[in-house]
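Working notes for the structure below.
Basis for what follows: all heavy atoms, side chains included, without hydrogens, waters or symmetry-related copies.
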Amino acid sequence: MRILSHEIPSAVGQTVTVAGWVHRRRRLAAVSFLILRDRSGLSQIVVKGPEAQAQLDGLGEETVVQVTGTVAANPQAPGGAELIDPVIEPLTEPAVTPPIELWRPSVGAGLPVVLDNAPVALRHPAVRAGWEIAAAALHGFRASTDAQGFTEIQTPKIVGTATESGANVFALDYFGGPAYLAQSPQFYKQTMVGVFERVYEVGPVFRAEPHDTVRHLAEYVSLDAEFGFITDHRDVLAVLRSVIAGMLAAVGERAAGAVERLGITLPEIPVDVPVVHFTEALKIAGANPDEPDLAPADERAIGEWALREHGSAFVAVEGYPMVKRPFYTHPQPSDPRWSNSFDLLFRGVELVTGGQRLHRYSDYVAALAARGESADAPAYSSYLQAFKHGMPPHGGFAIGLERFVARLTGAENVREVTLFPRDLHRLTP
């Protein structure tokens, strides 16, 4: 029966079988070493004798093999043990040499080469580590929301109208009629608050993003949550804080090897996340007080302030101008120019947008009329059904998974931690 590389040290003296990829071959005068890679890590196999060494010479890196041998202790080997007297059985024909040397500790190729050769490049332990962290974060998101009484939902990704975020949508032909790829599950997750009270979704969202930057993608994984019976957006921020704490804990527990491989230190999110009003945030950043939004440089300055003054890699900016928020955003009761919404910045970059939503049907009618639109329009009529029939005060948030992982790992470009990125220029592989 096959065992994994990480199990070898506990099997000293036993005959075992391992299987995986030829990660590296090292030929010395009297002995050769085969470094095998499987999903749990690396193992070392000692190859002696001219016949066995000749066989190893014919197996290129990335050839898939099965090896049966005896486990012997060796402090110099990975995990302190290795296989000796091996019988090597190729499971495929000899592999073609990869365009990237996967056995090197770091990736020597530039990002375009890595992305062009993603099916192979993702096998590199350092590249693969990004998604190991992402997978652990996904587990933490689900575990944290489940523990707080949320129900997971899945909503349509093909929609009939493009209403939420302007023109940056992908249009498609839907049986001869117009349709669009969903930019967000926002309308649906609000609707489902009327069913389950607390819901979350993990799924792709699509933005016809015209910006060719290191932080924008045309498709990414969105971690959405929405829940009812709140007082205001601070309740949303409190749940978000606990969710991110759960995600960080899961990364530390489930992806410790990836964290170590990348040499990163996981941050802690404070119990009380620093919160500043938008007007104060502009002052901290030294920005024009009439600015309707924060520029990337402003976000960096606020992140530096939070780290300096509060020792926190996280800071929330609340009260963004209503003119910069979607129509369903609840205004600040004391001054309706500002919103009961927030952005959570992580290491100086916007990570999460969240806030309180309108919940009264009459408020939606008024909000849409103020924008020159009608609540009876096809784009809104089905969405607003839920509000006609009673909806509690509610709110929610959305976390971009790839951006979260990029900030954790210190990746300069979000594409470094995206499996197969989609942007202005890339549709393959």
Listed partners of [X] passing ring-ring contact (aromatic ring centres under 6.0 Å, His included), at least two apart:
X    : result
W103 : none
F397 : none
F404 : none

*With sequence neighbours excluded, give me every salt bridge (charged side-chain N to carboxylate O under 4.0 Å, His left out) pair touching residues 290-304.*
R215-E299

*Among all residues two or more places apart in sequence or in another chain, which pass the side-chain hydrogen bond (donor to acceptor under 3.5 Å, both in side chains) test with T279?*
H277

_N/O donor-acceptor pair under 3.5 Å between T191 side chain and F187 backbone_ = yes

Can you list every pair that meets side chain to side chain donor-acceptor pair (under 3.5 Å) and has a residue in [range], with sequence neighbours left out?
range            : value
residues 1-15    : S5-D38, S5-S43, H6-S40
residues 149-158 : R142-E152, E152-Y200, T155-K157, T155-E201, K157-E201
residues 307-320 : H233-E318, R234-E318, Y320-D343
residues 405-429 : D116-R426, D212-H425, N413-R415, R415-D423

_Closest non-hydrogen atom pair, F314 against L344_ = CD2-CD2, 4.0 Å

*asked:* I'd like to check the salt bridge (charged side-chain N to carboxylate O under 4.0 Å, His left out) partners of R261; sequence neighbours left out, ordered by chain and number.
replied: E132

*Could I get the full list of salt bridge (charged side-chain N to carboxylate O under 4.0 Å, His left out) partners for R357, not counting sequence neighbours?*
E226

*For the residue pair T17 and T68, confirm or rule out a side-chain donor-acceptor distance under 3.5 Å.*
yes

*Does the gap between the ring centers of F327 and Y380 come in under 6.0 Å?*
yes

Would you tabulate the side-chain donor-acceptor contacts of residues 91-100 under 3.5 Å, counting partners in other chains and residues two or more places apart, or write 'none'?
none

